[in-house]
Amino acid sequence: MEKSIVVIGGGAAGLMAAITAARQGAQVTLLEPNERLGKKVNITGKGRCNVTNDCDRETLLTNIPGNGRFLYSALTRFTPQDTMAFFRELGVPLKVERGNRVFPVSDSAFDITNALERELKRRRVRWARDRALHIETENGAVTAVQGEKDTYPAQAVILATGGVSYPGTGSTGDGYRMAQELGHTVVPPRGSLVPLVCAGSDCPDMQGLSLRNVELTVYNGKKKPVFREFGELLFTHFGVSGPLVLSASAHLRRWEGETYRLDIDLKPALDEQKLDARLLRDIGENPNRDMSNIAAGLVPHSMIPVLLRRAGLTGSEKANSLTKEQRRGLVQVLKHFALDVTGTRPVSEAIVTAGGVKVGEVAPNTMASKRVDGLYFAGEVLDVDAYTGGFNLQIAWATGYLAGLSAAESEEMYD
């Protein structure tokens, strides 16, 4: 007789779990209230979907600061190369870009979710447009999932509801509640890839300004660098966001008693000497112009007042009246534009949630609950998270695969 499995959540982990279990011959029902499957997958990588990272296991684990060791089995059973083979077999051509980031050749995340949806249909997975409310158990084993519309009998349940980031995609925290009802501990969720709040009025003054090709260094309270990378960032009414900042935020893991400072190099292609030489040249060519005009050749318009203020200039000084000290001060601001971080934005604005079901209560080689027979976990509902670069999606595919495989094969374990 076919084993009946209910997968709760139609995101990356849930879709992979449902397909894998169905391929093992199980009868699978997928519960997902959204009108589309893989809603969050469709917005990853700016809608391009950074499917995985084409790297080895050791590199993968160094990019998972949140409980990477727990994922060792899952990432060994289903590697980034397995992920790539999986999608290519489903008819999605892939390409590898800078930093080993893997994308569909089409640059469209919908190619990934459409391929998964086709495979679900081919494997006769039943998609129920319903929201799971409770997982029912008897004698310490799962028996059914109670939804808003119906009750779904199950010999195994895979909980893959995601975290609480991006609530618009259906990440409501329901999975945490259901896990807690069954005796699991939930580590309080917090934003991992999340915008940062900064002190002072400079960021709001430059709200909406996006900077490309800058170098961001983050220092902790002991003035040790904890992150350094090139890329793009955005000034907002509360502080900073953009790809570079989201990447940096995952490295800022200790907020109790720790302080962080951002140091932005606005001219990473020029060292201080070359930048000073360029300033001298600009001044030499336009000796009677105001410093605000000179600054316009160095930074975007909305940054000029902030730059001058930080350099102790009004902007009305004539270029040729600038002292050597004033010029040096301007170079320092351009090379070390500093911002003090006061915290992160709410977890609902994070791309990825850290925190979730405590991994010590889950068997790493099967993703099975150690508390309830027939219950499995996959994806972001677990207390695991990674840096940007396709690593978080790889965790979803790998844990989804292992949970789907284990749930379908585990019949003899609970007879």
Side-chain angles (χ1 to χ4, degrees), residues 7 9-20 38 40-41 43-45 49-84 86-87 99-102 109 112 116 158-166 169 171 175-176 179 187 189-194 246-247 249-251 253 350-360 362-368 376-406:
V7 178
L15 294 172
M16 180 60 87
I19 287 168
T20 305
K40 194 168 163 187
V41 176
I43 57 173
T44 60
C49 187
N50 187 180
V51 184
T52 185
N53 192 288
D54 186 16
C55 64
D56 60 25
R57 189 178 54 211
E58 299 320 307
T59 306
L60 200 50
L61 291 167
T62 58
N63 280 281
I64 304 172
N67 292 319
R69 281 176 69 94
F70 165 78
L71 293 165
Y72 193 89
S73 290
L75 297 170
T76 303
R77 292 293 295 275
F78 201 79
T79 65
Q81 292 70 37
D82 291 328
T83 298
M84 292 166 74
F86 173 85
F87 283 107
N100 292 323
R101 294 167 191 244
V102 180
I112 295 294
L116 290 165
I158 300 170
L159 195 54
T161 47
V164 286
S165 54
Y166 277 159
T169 63
S171 305
Y176 299 152
V187 177
R190 63 177 202 282
S192 174
L193 304 179
V194 64
L246 297 175
S247 294
S249 69
H251 295 252
R253 307 189 78 79
I351 292 180
V352 165
T353 316
V357 173
K358 195 173 183 178
V359 297
V362 180
N365 57 336
T366 58
M367 294 295 131
Y376 298 82
F377 297 97
E380 214 186 326
V381 73
L382 289 159
D383 180 20
V384 291
D385 68 287
Y387 301 143
T388 55
F391 303 108
N392 285 291
L393 265 181
Q394 179 57 33
I395 293 173
W397 308 130
T399 54
Y401 173 81
L402 191 50
L405 198 63
S406 310

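Side chains are part of it too, since the values below use all heavy atoms of this structure and drop only hydrogens, waters and symmetry mates. Residue indices begin at 1 and follow the sequence shown.
- Of all heavy-atom pairs between Val384 and Ile395, the closest is CG2-CG2, 3.8 Å.
- Checking side-chain atoms of Lys40 against main-chain N and O of Ala12 turns up no donor-acceptor pair under 3.5 Å.
- The two residues Val381 and Ala378 come nearest to each other via the heavy atoms CG1-O, 3.6 Å.
- Nearest heavy-atom pair across Ser249 and Ser192 is OG-O, 2.7 Å.
- Minimum interatomic distance between Gly68 and Leu61 (heavy atoms only, all atoms of both residues): O-CD2, 3.2 Å.
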Trace of the side-chain contact (heavy atoms from CB on, under 4.5 Å) decision for Phe87 with Leu116: CA-CA 9 Å; Phe87 283 107; Leu116 290 165; 3.9 Å; yes

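- The distance from atom OG1 of Thr52 to atom CG of Asn100, rounded to the nearest 0.5 Å, is 10.0 Å.
- Contact check for Met16 versus Thr83: no side-chain heavy atoms found under the 4.5 Å cut-off.
- At a threshold of 4.5 Å between non-hydrogen side-chain atoms, the residues Pro80 and Leu60 count as touching.
- Screening Thr62, Thr79, Thr76 against Arg57 for a side chain to side chain contact (heavy atoms under 4.5 Å, CB included) leaves a single residue, Thr76.
- Separating the CD1 atom in Ile64 from the CG atom in Asp385 is a distance of 9.0 Å, to the nearest 0.5 Å.
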Steps toward side-chain contact (heavy atoms from CB on, under 4.5 Å) verdict (Tyr387, Val352): CA-CA 9 Å; Tyr387 301 143; Val352 165; over 6 Å; no

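- When all heavy atoms of Leu193 and Ala250 are compared, the pair lying nearest together is CD2-CB, 3.6 Å.
- Put simply, the side chain of Gln394 does not reach to within 4.5 Å of the side chain of Asn53, judged on heavy atoms.
- Side-chain atoms of Glu380 and Asn392, non-hydrogen and from C-beta on, never get closer than 4.5 Å to each other.
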Evaluation steps, side-chain contact (heavy atoms from CB on, under 4.5 Å), between Phe70 and Asp383: CA-CA 10 Å; Phe70 165 78; Asp383 180 20; over 6 Å; no

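- For the atom pair CG of Leu71 and CE of Met367, the computed distance is 6.0 Å after rounding to the nearest 0.5 Å.
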Asp82/Trp397 under side-chain contact (heavy atoms from CB on, under 4.5 Å): CA gap, chis, key distance, verdict: CA-CA 10 Å; Asp82 291 328; Trp397 308 130; over 6 Å; no

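- For the pair Phe86/Tyr401, no side-chain contact is recorded, criterion being any heavy-atom separation below 4.5 Å from C-beta on.
- Here the side chains of Val359 and Pro364 are not in contact, with every heavy-atom distance at 4.5 Å or above.
- Contact of the Phe377 side chain with the Thr399 side chain is not registered, since no non-hydrogen atoms from C-beta on lie closer than 4.5 Å.
- The minimum heavy-atom distance linking Leu75 with Ala398 is given by the pair CD2-CB, 3.8 Å.
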